[in-house]
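See structure below.
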Amino acid sequence: MSAFAEPTETDVIPLEQVHVDQFTLWRNGQSPVARAWIERSDFKARAGQNVWLPDDTGLPKRLAIGWNGRNDLSTLGDLPWKLPEGTYAADADFDEGALIGFGLGAYKFTRYKSNDRKPARLVIHDAALRSRVESVVEACCLARDLINTGADDLLPSALAAQVLATGAKLGATVEITTGDALLTKGYRTIHAVGRAADDPPCLIDLRWGDPAAPRLTIVGKGVCFDSGGLDLKPASGMRTMKKDMGGAAIALGLAQLIMTRRLPVRLRLLIPAVENAISGNAYRPGDVIRTYAGTTVEIDNTDAEGRLVLCDAMALAIEENPDLMIDFATLTGAARSAVGAEISAMFATKDQTAEQLYSAGVKADDPVWRLPLHAPYEDMLRSSVADIVNSPSSPYGGAITAALFLKKFVGDTEWVHFDTMAFNTRTRPGRPEGGEAMGLRAVFTYLQDRYAASA
Ligand code: BES
Ligand code: ZN
Ligand code: ZN
């Protein structure tokens, strides 16, 4: 059920947002009984505070919430679980960004554990605003659900089924290439990484929209579980690796949003989906793989698998010369060392796009920070037996060298790469611990502006 309600709903609780700077004025306008409650509750209209106010008979009638003037995920993001169950309505609609925070804050992952209460709900009066907010929230929560799902329930075939379902709902076509068919078509890196798993690797290819519109291609790393392969991860590093398809989940959520809001683009979504597993036919350190693009890659480390599955998908993508290619990937631990778990590292071939994406991230309260595609570090990708190596021997700049590896498969296409955590390590308002669609809202905000002119 949506966290939002239509204005026709009955039995709603009046809600009032009180700006902290207007507190004294507001309090002086209340009845003596209400003023007593405000005082006893120590309500000063600070962000995060709320107070019930009585009707003439002294019963709780309406709720006042404090506000610091900001409209971001924190504004209403903790209300759905902080307020008692019920439907709340303010006189005027809240800001769109604050409403998105409410919707995202109402999320719970219920696949394996039911919930003993429902979130509080909020009326949005303006139907167009309600529809926009719900589309964004649903897209983010689709990504969250997929990331939170255990790998056993979301192996490549299940991820493909998810894309098929989303595509069918929104009128897209989906083509899936699975198992040995990957070799026939030349996607040898995707096959190599995924071939040791029982659930075979696949490449998911969704298309939607007017073929004459600008081509936008989104690529997502779909490593459904990353054991590290023969370069096995230690237990502590493997523990969270069900989220290694986070890039694919964010890409699918973004694709759903683009289709729902009918952005004037020709959309293509490419997801190489694999499990990086171990068995007798696992790919090995020292193997050399000829990629779809023809470049040979020496495997130094089977745990640097994300760039391998992405490089074939990206080489395929640029064949049709898209206007813009964006990829999302939980690619490196180094990106987390650089910008932490709560900011997505961004790489871009065009400065203006990077700057506008940064601003879109600020506007959407979905922070991204640019790291450089520093060309001299390409030396670190040198191999003595192949064109490049998948994992440099240097311990430094790992997010940058991973991005430079991908850049070899991008040609002249304008490209943006997000190396993201896709997971909230702690709960904050609007951001519950668990899978998170990091970068999705920043990119959608940017794309709306970029393609608005061609609408
Ligand atoms: N999926 C991991 C990266 C990762 C780790 C993302 C932890 C988020 C949190 C990726 O496949 C990986 O293992 N990368 C290696 C690359 C190295 C072997 C060059 C890494 O970052 O250590
Ligand atoms: Zn890995
Ligand atoms: Zn990985």
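Order of appearance sets the numbers: ligands from 1, and atoms from 1 within every ligand.
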Practice problem: Would you kindly specify which portion of Asp303 sits under 4.0 Å from ligand 1, judged on non-hydrogen atoms: side chain, backbone, both or neither? | Solution: both
Quiz item: Does Leu331 approach ligand 1 within less than 4.0 angstrom via side chain, backbone, both or neither, non-hydrogen atoms only?
Solution: backbone
Exercise. Let me see the working for Ile271 and Leu203 under side-chain contact (heavy atoms from CB on, under 4.5 Å), right down to the final yes or no.
Key: CA-CA 6 Å; Ile271 296 177; Leu203 177 62; over 6 Å; no
Quiz item: Short check: any N/O/S atom of Glu305 below 2.8 Å from the Zn ion (ligand 2)?
Solution: yes
Self-check item: Atom name, Asp226 (N, O or S, nearest to the Zn ion (ligand 2))
Solution: OD2
Self-check item: 4.0 Å protein heavy-atom contact status of atom 22 (O) of ligand 1, strictly under
Solution: no
State whether [X] and [Y] are salt-bridged, where the test is any N-O pair (Lys NZ or Arg NE/NH1/NH2 against Asp/Glu carboxylate O) under 4.0 Å.
X	Y	result
Glu319	Arg268	no
Glu320	Arg215	yes
Arg266	Asp210	no
Lys408	Glu378	yes
Arg441	Asp365	no
Asp152	Lys242	no
Arg428	Glu436	no

Self-check item: The single option from Asp327, Ile326, Leu331, Thr330 passing side chain to side chain contact (heavy atoms under 4.5 Å, CB included) against Phe418
Solution: Ile326
[X] heavy atoms, cut-off 4.0 Å: which ligand 1 atoms fall inside?
X	result
Glu305	11 (O)
Lys233	2 (C), 12 (C), 13 (O)
Asp226	1 (N), 2 (C), 10 (C), 11 (O), 13 (O)
Lys221	1 (N), 10 (C), 11 (O)
Ser391	19 (C)
Gly333	3 (C), 4 (C), 20 (C), 21 (O)
Met241	1 (N), 5 (C), 7 (C), 9 (C)

Quiz item: Who's closest to atom 8 (C) of ligand 1 heavy-atom-wise, of Arg336, Met421, Arg307, Lys243?
Solution: Lys243
Quiz item: Do any N/O/S atoms of Asp303 come under 2.8 Å of the Zn ion (ligand 3)?
Solution: no
Practice problem: Using ring pair (Phe, Tyr, Trp, His ring centres under 6.0 Å) as the criterion, point out the one residue from Tyr107, Trp81, Phe4, Phe94 that pairs with Phe102. | Solution: Phe4
Among protein heavy atoms, which sits nearest to [atom], and what does the distance come to when rounded to 0.1 Å?
atom	result
atom 6 (C) of ligand 1	Thr330 O, 3.7 Å
atom 1 (N) of ligand 1	Asp244 OD1, 2.8 Å
atom 18 (C) of ligand 1	Asn301 ND2, 3.4 Å

Exercise. To the nearest 10 degrees, calculate the angle at the Zn ion (ligand 3) involving NZ of Lys221 and OD2 of Asp244.
Key: 100°
Quiz prompt | Exercise: identify the closest heavy-atom pair between Thr425 and Ala341 | solution = CG2-CB, 4.2 Å
